[in-house]
Each structure stands twice: as structure tokens, then as C-alpha cells.
6 protein chains.
Amino acid sequence: MSERITVVYPGSFDPVTNGHLDIIERSLSIFDRVIVALLINVDKQPLFPVEERVDMLKTVTAQWPRVDVETFDGLLVNYALQRGAKAIVRGIRALSDFEYEFQMALMNRRMQPQIETVFMMPAEKYSYVSSRLVREIYKLGGATPGLIPDVVEQRMKQIKY
Amino acid sequence: MSERITVVYPGSFDPVTNGHLDIIERSLSIFDRVIVALLINVDKQPLFPVEERVDMLKTVTAQWPRVDVETFDGLLVNYALQRGAKAIVRGIRALSDFEYEFQMALMNRRMQPQIETVFMMPAEKYSYVSSRLVREIYKLGGATPGLIPDVVEQRMKQIKY
Amino acid sequence: MSERITVVYPGSFDPVTNGHLDIIERSLSIFDRVIVALLINVDKQPLFPVEERVDMLKTVTAQWPRVDVETFDGLLVNYALQRGAKAIVRGIRALSDFEYEFQMALMNRRMQPQIETVFMMPAEKYSYVSSRLVREIYKLGGATPGLIPDVVEQRMKQIKY
Amino acid sequence: MSERITVVYPGSFDPVTNGHLDIIERSLSIFDRVIVALLINVDKQPLFPVEERVDMLKTVTAQWPRVDVETFDGLLVNYALQRGAKAIVRGIRALSDFEYEFQMALMNRRMQPQIETVFMMPAEKYSYVSSRLVREIYKLGGATPGLIPDVVEQRMKQIKY
Amino acid sequence: MSERITVVYPGSFDPVTNGHLDIIERSLSIFDRVIVALLINVDKQPLFPVEERVDMLKTVTAQWPRVDVETFDGLLVNYALQRGAKAIVRGIRALSDFEYEFQMALMNRRMQPQIETVFMMPAEKYSYVSSRLVREIYKLGGATPGLIPDVVEQRMKQIKY
Amino acid sequence: MSERITVVYPGSFDPVTNGHLDIIERSLSIFDRVIVALLINVDKQPLFPVEERVDMLKTVTAQWPRVDVETFDGLLVNYALQRGAKAIVRGIRALSDFEYEFQMALMNRRMQPQIETVFMMPAEKYSYVSSRLVREIYKLGGATPGLIPDVVEQRMKQIKY
């Protein structure tokens, strides 16, 4: 196999956490190119607008030349196929909704059998971090330094909740 | 990243099932080389001796030039490192012992942080197949054609239980 | 026991999937009569109105004379008792919210101890299908032929999302 | 459907518990005939010999004329088919090995598609009772009156552990 | 250790159930003082206003002099620290969202390492009771006497849903 | 409540790990006295004899005057009652056999309702450590420094496997 392998790492990244960065870095150790793909979901009211999320993602992944940050809407598997990706990477935690991940992965496989889903584990110190939990904590006046990048931490503090 | 990526797919393969082959084939679609690594476990009383299991594995993977069949003892992560592998591939089923897989993967990472563990899903038609269950069924006089390779099916039938 | 056994198979069926039909057919193999009971939930905004869901259910179950399609509101156990049913049938998937099913079944038993809850498994090829997931995929421009009846597939395509 | 429905309720019953009886009684409310099928497993060293387990089962189910107590070896699905059963009944507890039950049920369905597996819940007061746990407690000098039938309780006390 | 140990038992208590009271009583058997802490969540539309929930909690815990009923907003761990508590008590059911509890507990520990989280089990007869399920049942015209205190039962009946 | 609260922390401790010590230390922050109770199980073939396990436990808990190390056989709840304990402490990991813990705790409560079971979480860095896994790794020629106390690490290395 002489070709280079591209994978897609999809998410809402609202905001990006150190857990996300951990998975991206691990993906880079075994795949050639990682497309961080921000899902545009018009239904949900995000904390940060799409542009700001893309901006933060580009800042915190600037250190890795083999990472691209993109946005997509529509079906993830169609997007992955169109971008020439061979697999979707999903971070999976013992504490996450594993059942849902499996259901989605099997459905995605049915729609595009040529796209694999690969599950990777974040470091255990990030095993309980999620964007949702981070948002809840800042809204209640707390903070999670060390669990989100510094640039995200600064923007989280500036928001009026 | 110009290097080629080798992964290890470890197991007892007593016997190899179509679920194992499914994971090997999926691994080949995203990695350059797959080492099927048969664990020599002196404590357990296997159904087939190591040599016969290696022989069956070589027969059923002969169609894939990028697959090697090897044996190992000692720590899996040390073996993977020594063989130049970047990751361990584990098939994971909603119906499998997921908790145990996670525990092993985190411990392996602690012992050799440079080796990743990657989880992949078999086809749903193999979601309930395991070597142990196959052994039990043949012992009780049943058979599982379609869930194990033909060459394995023939040898399973010849054994005196 | 000379009586005939009636069971209730409740749900929102928004839309009915092949997984639902699979459970209905399996129920018919062990029970005399299956009432497919569509829950009228005024709180939720459905994709299809009640009448259309009933219409589709009747079309796809027309082949089975021992199936009735009805609607209900209020407590499921009260409805089941009033219709002379002995049990509630629930399809259960390894990938579904099993905990929630158990909690509901125990609460239902407490309210009407004479109504049993019986869990049955769909075929593994339907193990990842749910009405919610089907709705999401069509909304994103995808399709799931083979996982929903043809008549449903046609109506799903006609909807403006 | 004018036929009468027979189901098989398999197990080791070493010893039979009130949780088992609870499932048998619930099965009788929706099925015509329940065959309590004691698996003869020559590999395992039981607490009670097969004859004594059958004897206890017959004593505690004597009140129900639609229950038969039998023994079987070989594959459960073949036995069920030969006895004219339409389904296998399994008690399922939130605290039990649900994954294993699912795996077995899917494998059984593959071997004999005409035999269904039906899961039923015991009363929550029996949700933590298992034959294994009962054996362990008596071995340590404890007792579990109320969780096993009186006749079993008496024999458990007489055994020299 | 000569100090007295105070713990916080947080929740929405909308409404308080017998499962909650069971955990409070068990906490009193091993801790000196239990603060029942009602979370003021301005985002959610409760069934009962805060004042009425506090009133019901005070009524049903009046029998226990070592229990205090309070309200809080903001981060739970900050509140616990400020009130001199050493631990947060969480009731945990096999049927509850255990994963979520774990994630919260690890995040809380990270924010305030000096506050422990302690999990206790309610009686199995309350293993399927939750405030949400109670609300749903009354809304559908049902009732759950025996699972909620009498005073709560009376108020649940008076509400126009 | 003026009395002092004693709890029992039971286990095989073959060998004691840093995860065990973490739970003991957390227990000391909320309870007055912790009895580390080593179960004498004549059936299992341990790696270290009872005396050596007690010796190691005493060495690694010598820093805490409120900890006692004892051995017991028979039923845990009877032992706890006899020693004047109010509760059993169990460390619980997302990656552990949670179902089994629950089953045991409910059975223990039934046998001695006055003894509570309290679940506490180890630090996430110990979430994948178990005595069994440690034994397996040393047997295969590996080591787990940082996951077991130094004195245990030294003895693990001296054993001929």
C-alpha cells in the first residue's frame, strides 16, 4: 500500500478541549493526514459561532502541519468519501456514550461501506472531559484550566452567560 | 509522514473465526502491514496446538500479501515495539467485554506510551461470534458454518471432544 | 390454559422501521394477537402526523391478520389491561437504552402487576436502526433503503425538511 | 393461531432459587406449557447431583400442572426443537451478565431460526439472587431464607462444605 | 479524628421521592450531618417552584434533627466547601445513569480535591424510581403511592397538567 | 451523633496496589477508623501467602494511625458487625465489574441491614489498576512501578513465576 491515509475527526468542538487535541495527536502517530471536521448543525444553538470555533481549532492545531480544519454539513460519510478519507476517528472514553457511538458507526458503515470507523482512547486524565461539561462549569462560574487550551480558556471567561 | 505503518493484531485464535478475518481485512484498508500475533499462553489448555493454529491462520490469510502470521510470548507491548509496530488493533463488539479491553489498553499505554491501541468493529453479522462460543458449540455436537473459515470448520469436525 | 394471548407492542413509530416489523413478526410466532399501539404524545413534534403513521402501519402489517393497529394516550399499562392484553412486548437491542427499558418495565409492573413485559431481540441486521436515526439521516439528505419499508421510504423522500 | 405454545426455561438450577420460580410463574401467565430444562454439564462439579436437583425442581413446581421438569444435554436449541417448543425463556436482571445472554441468544437464533428467545424480568426483590451467590454464602456459614424455597434451604444446611 | 463530618446530598427534588429519603436515612447512619441541597436551576422549567420543593423537603425530613434543607446555585463543589462539607453523597442505582455520575464526580474532584464523592445504594424497591418518571406518570393520569411521601402524593394530585 | 464511625475495607490484596492505598486514604478523610480486612480464601492459590500480604499492608499503611490491618474468613457482613463497623467501603472504577459489586452489596444488605456499603472512586490514574493485572504483567516479565508501593514492587521482582 503506497497511498497516504487520510482520516476525518468530526465534532462540534464547542469548544475544543484538550481531550480532542489528545486524540488528534494520537491519530497523527498512525495516519498521514487528519481532517478536523466541524459539523455545522443549524438546529443547535452553539456557545461559539462556527467561525470562532474554526479559528480556535486552527490556532491550537497550527503546530501540526498534517492537520487540516474544515467545516461540513450533510452526511458525515459522504463528506469523508468526497475528501478522500479512508476512516472516521472517534475518541472513546469508558465514561462516554459508547452505545451511541456504535450505533452511528454501524449505520455509517451501511451507508458507505468503504469508510471505516476507528476508535481511539484519550489519556485517562481527559477521560471525564466533554465540551458540554466544560460549558456547564463556566456557566456556573467555574473554570477548567488544564482541560482546555489556554486560548479557549481565555475566550470562555469573556463570554457573558 | 512517509513511513509505512505496521500494526499488530493479537489473539489466541483457538480457532480463528470469520470475525477475526473481518477485522484483519478492515485493518488492511487503513494500515500498510498487519502482523497477526498468536499469543503463546502456557497456562491455558488450548483446543488446537500452537502449530496448528499458526497453520490455519496462514492458510486463511494467504490471500493478503501484507499480512504476516507470527507467535509471541511475554508482554504484548514489548513485542509490538520490537516488531516496529505503531499500534495494536483490537476488534470490539457491543457484545464483548469492552471494560476489560479498555483496562488492558490503558495499562499497555502506560508500559509503552509509543504504542497506540485502535479499536475496530467487525461486521454486525459477526457481532456474537467468539472462539470460546464456537468451541462450546462443536463440543455439544453443533456446528457454525459461515462463522468460521471452511478449513477451520473441517478440523473442528475431526476433533474428538 | 385455553385462552388466547394478546400482547401490546407500543411505540411512536415515527416512522415504522423494518426493525419494528421484525419484532411484530417474531411476536406473532409465539402470541395469538399483537396490538401495535401508537402512543399519542401531544408534547413531541412528530415528523409524521398520527393519522399518517397509523396509515403506514396498517399498510405494512396488512399481510398479518392477527395484527391490529390502534392508538392510545394515557398510561400504557391501563391501556393494555383495558384491551385484554397479558403482556407488553419490547424490542431490545444491545445498542439500545436497556437501562431505561428496565426502569419502565419495573414501574409498569408496579402499577399493573398482571401485565408482564417481555423483551425480544430484532435480527442483528436491524440492531442499529431506530426511528430517530432514520429521521436524522433523511434530514441530512441521506437514505436508508432496506432498513425501512418501501412505502415509508417513499414518504420520507417526499418530506421537505 | 389455535396451537398451544410451549417454552423451555433452561438452567443448571444448582440450586433452584425463588428468582427461578418467579420467572416460571410469570411464563405460565403468557405461555401454555413451560419445560424446566436442567442442563447436564459433565464438566462442572455441581453442589447437588442431577437427580437431587430434578427432585427439588419437581417438588417446588408441583403446584403448577402446566410445568414439566426434564434434563437435557447437547445443544439447547436442538433440544427445544425436538420438544416442540417455540421459544426459550431467560430471566434477565439489570445485575446479570446481559451481554452474555444476548450473545447466546443470537447464536442460538442462527443455529435454529425457528426458536425465539424471550427475556423476562424477575421481581426486583430477586434482582440480586443467583445460584452461585447462594452457594458461596452457605459455604461461608451464612443462609438466604426467603431467597430460596424452604426445601432447598433445608438441604443447603445439611451439606458439608 | 474528633471532628464531625458533614455531607451534602444535592438534587432537584422535583419532587422528592421515597428513594431520596432512603438515601438520606442511610447517610445519617454513617455521617453526622446531612445537608439536603436543592439546586436552583433557572434554565429548567420545574413542576414545583423552589419554595414548594423546599417546603416539602422540610416536611418529610422533619423527623431527622441532623438534616438541614438548603438551596444553592453555582458550582456544587464550591457550595460544599463553603458549608464545611467533606463529601457529596449520590444515590446510585443499577438502573441509573452511572456513567454520568462518574464523569461528574471526577470533574468535581478536579475542581475541589478536598471534597469526596460517596455513592450509596437505595433499597431495591426504589431502584426504578426517579423524579422524572414520577412526573410523567402523574401527567398521564397515573399515581405512584408508596414511591413518594404522602404529602408529595397529595400535591401531585392537585396539579393541573 | 457522638460515636466514632468505623468502616471495613475488604479485599484479597494480592498484592496491595496504589489504587487500594488511594481508597484507604480517601476513606480516612470522612471516617474515623478504617479496618483493612484481608479475606482468607482457602480455595484460591494466592501469589503471596496471607502472612506476607498482611506484612506488606501493615508496612504501607503504617503512616496512618487510624488504620488497622486484620484478616477474616466467613461472611464479610458478620465480620463487619462483630468489629463494630457501620459500613463496608468498596473502591469502584468505571472499568471494574460494577454489576458484581452491586449484586454483592444488595445481598450483604439483606443479610445484615445495619451494615451499609459505600462506594468511592480511586484517582483516575489508578482507574485501570487491579491486583490481577499487576500479577499478569510481572509474570510476563513486565513491571508496574508507580502503580504499586515500592515495597511490593521489590517483592514482585523477587518471585520466581
Side-chain angles (χ1 to χ4, degrees), chain A residues 8-14 35 37-46 50 70-83 85 87-119 130-132, chain C residues 11-12 14-23 43-47 90-104 119 121-150 152-153 156-157 159-161:
Chain A
V8 167
Y9 179 53
S12 292
F13 304 105
D14 190 27
I35 303 178
L38 195 155
L39 168 67
I40 299 176
N41 189 336
V42 294
D43 287 351
K44 278 167 75 178
Q45 185 65 27
V50 167
E70 302 185 356
T71 60
F72 77 103
D73 52 15
L75 283 181
L76 171 60
V77 283
N78 290 350
Y79 166 76
L81 195 68
Q82 172 198 321
R83 302 299 292 117
I88 294 162
V89 169
R90 295 293 291 166
I92 193 161
R93 302 163 300 173
L95 301 170
S96 74
D97 190 351
F98 177 56
E99 304 278 287
Y100 177 75
E101 289 291 334
F102 240 68
Q103 190 185 25
M104 277 306 305
L106 286 168
M107 186 59 99
N108 282 337
R109 177 181 287 169
R110 189 175 202 283
M111 291 192 288
Q112 295 286 5
Q114 62 272 57
I115 305 283
E116 278 302 320
T117 298
V118 164
F119 298 102
S130 72
S131 296
R132 182 184 56 73
Chain C
S12 292
D14 189 27
V16 59
T17 70
N18 285 349
H20 294 134
L21 294 184
D22 188 69
I23 293 293
D43 287 350
K44 278 167 75 178
Q45 184 65 26
L47 182 64
R90 295 293 291 167
I92 192 161
R93 303 162 300 173
L95 301 171
S96 74
D97 190 351
F98 177 55
E99 303 277 288
Y100 177 73
E101 289 291 333
F102 240 67
Q103 190 185 25
M104 277 308 302
F119 298 103
M121 283 183 311
E124 75 255 27
K125 67 182 165 184
Y126 301 133
S127 64
Y128 52 88
V129 186
S130 71
S131 297
R132 183 184 57 74
L133 199 48
V134 167
R135 289 197 305 269
E136 286 178 12
I137 287 167
Y138 279 82
K139 189 175 177 186
L140 292 170
T144 61
L147 299 183
I148 51 177
D150 288 350
V152 174
E153 155 87 350
M156 290 296 288
K157 280 182 182 163
I159 291 182
K160 292 275 176 288
Y161 295 91

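Just so it is clear: chains get the letters A, B, ... in the order the sequence lines come, proteins before strands, and each one is counted from 1.
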Side chain, backbone, both or neither: which part of Met107(A) has an atom under 4.5 Å from a heavy atom of chain C? both
Side-chain contact, heavy-atom cut-off 4.5 Å: Met104(A) with Leu133(C)? yes
State, yes or no, whether a side-chain contact exists between Arg110(A) and Tyr128(C) at a heavy-atom distance under 4.5 Å. yes
Do other residues, nucleotides or ligands put more than 12 heavy atoms under 6.0 Å from Asn41(A) CG? yes
Could you measure the distance from the CG atom of Leu106(A) to the OH atom of Tyr126(C)? Nearest 0.5 Å is fine. 15.0 Å
When rounded to the nearest 0.5 angstrom, what distance separates CG in Leu39(A) from CG in Leu140(C)? 8.0 Å
